[in-house]
Amino acid sequence: MTAQEYKKRAIICFILAMICLFGPLLFYFAKAFVLGTTFQKATLCFTLVISGIFTLINISKKAIPRSVIWIVLLGIHYVFASIYSIVLVFAITTILDEVIFTPLYKYYYAQYKDETKTEKIAKKVKGD
């Protein structure tokens with residue numbers, strides 16, 4: 001497999017991981033914002049601001065901001081009566097992200113780096 005194929009696979013896995021991480025969040029937040037009352041919309045905005053603050057703190061500490069999703073989920077809880085399906089969707093997508101897509105992304109990215117080094121050495125040996 002060439003370096004470009006590894007790079008494409010790494011990008012695909014990264015995109016799928018981001019969809020699993022932020023897709024349900026964006027969907028339910030938009031749905032809650034459309035269906036909610038004024039107080040519920042204010043609550044959602046407040047939890048979004050809190051989540052943004054936590055995200056900035058996590059980025060400055062170079063940590064993965066997974067707790068932010070649960071804070072926004074609590075805000076969405078104020079709009080929807082039944083939260084079971086929301087928790088189920090978040091749990092499934094988080095598990096898919098952590099067990100499948102993120103490890104695959106790391107693997108393919110490492111293979112891409114190794115393959116590019118190998119291809120550079122092969123070019124030097126050939127004299128190109």
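Fair warning: this is a prediction, and the values are worked out from it, not measured in the lab.
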Partner set under side chain to side chain contact (heavy atoms under 4.5 Å, CB included) for I92, not counting sequence neighbours: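 I92 satisfies side chain to side chain contact (heavy atoms under 4.5 Å, CB included) with L88, L96 only.
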
I19: side chain to side chain contact (heavy atoms under 4.5 Å, CB included) partners, not counting sequence neighbours: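 Partners of I19 under the side chain to side chain contact (heavy atoms under 4.5 Å, CB included) test: I15.
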
Check the hydrophobic clustering (I, L, V, M, F, W, Y; side-chain heavy atoms under 4.5 Å; chains of links allowed) and say if L104 and V99 are grouped together.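 Linked within one cluster.
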
Examine F22 and I11 and state if one hydrophobic cluster contains both, with Ile, Leu, Val, Met, Phe, Trp and Tyr joined whenever side-chain heavy atoms are less than 4.5 Å apart.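 Per the 4.5 Å side-chain linkage, F22 and I11 are not co-clustered.
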
Inter-residue atom distance [X].[atom1] - [Y].[atom2], 0.5 Å rounding:
X: C20; Y: E98; atom1: SG; atom2: CD; answer: 10.5 Å
X: K7; Y: I12; atom1: NZ; atom2: CD1; answer: 13.0 Å
X: L16; Y: L21; atom1: CG; atom2: CG; answer: 12.5 Å

Tell me the closest heavy-atom pair linking D97 and P103, and the distance in Å.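 Scanning both residues, the minimum pair turns out to be O-CD, 3.9 Å.
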
Give the minimum heavy-atom separation between V89 and Y28, together with the two atoms involved.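 Looking at all heavy atoms of both residues, the closest pair is CG2-OH, 3.7 Å.
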
In terms of the angle between their ring planes, are F14 and Y105 parallel, tilted or perpendicular, with boundaries placed at 30° and 60°?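 The arrangement is tilted - the two ring planes meet at 30° to 60°.
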
Report, one line per pair, each donor and acceptor closer than 3.5 Å where one atom sits in a side chain of residues 113-120; sequence neighbours left out.
{"unit_1": "K113", "atom_1": "NZ", "unit_2": "Y109", "atom_2": "OH", "d": "3.4"}
{"unit_1": "T116", "atom_1": "OG1", "unit_2": "Y112", "atom_2": "O", "d": "3.0"}
{"unit_1": "T116", "atom_1": "OG1", "unit_2": "K113", "atom_2": "O", "d": "2.7"}
{"unit_1": "T118", "atom_1": "OG1", "unit_2": "D114", "atom_2": "O", "d": "2.8"}
{"unit_1": "E119", "atom_1": "OE2", "unit_2": "A3", "atom_2": "N", "d": "3.3"}

Show your working on side-chain contact (heavy atoms from CB on, under 4.5 Å) between R9 and M1 and close with a plain yes or no. CA-CA 11 Å; R9 288 182 182 196; M1 201 177 300; 3.3 Å; yes

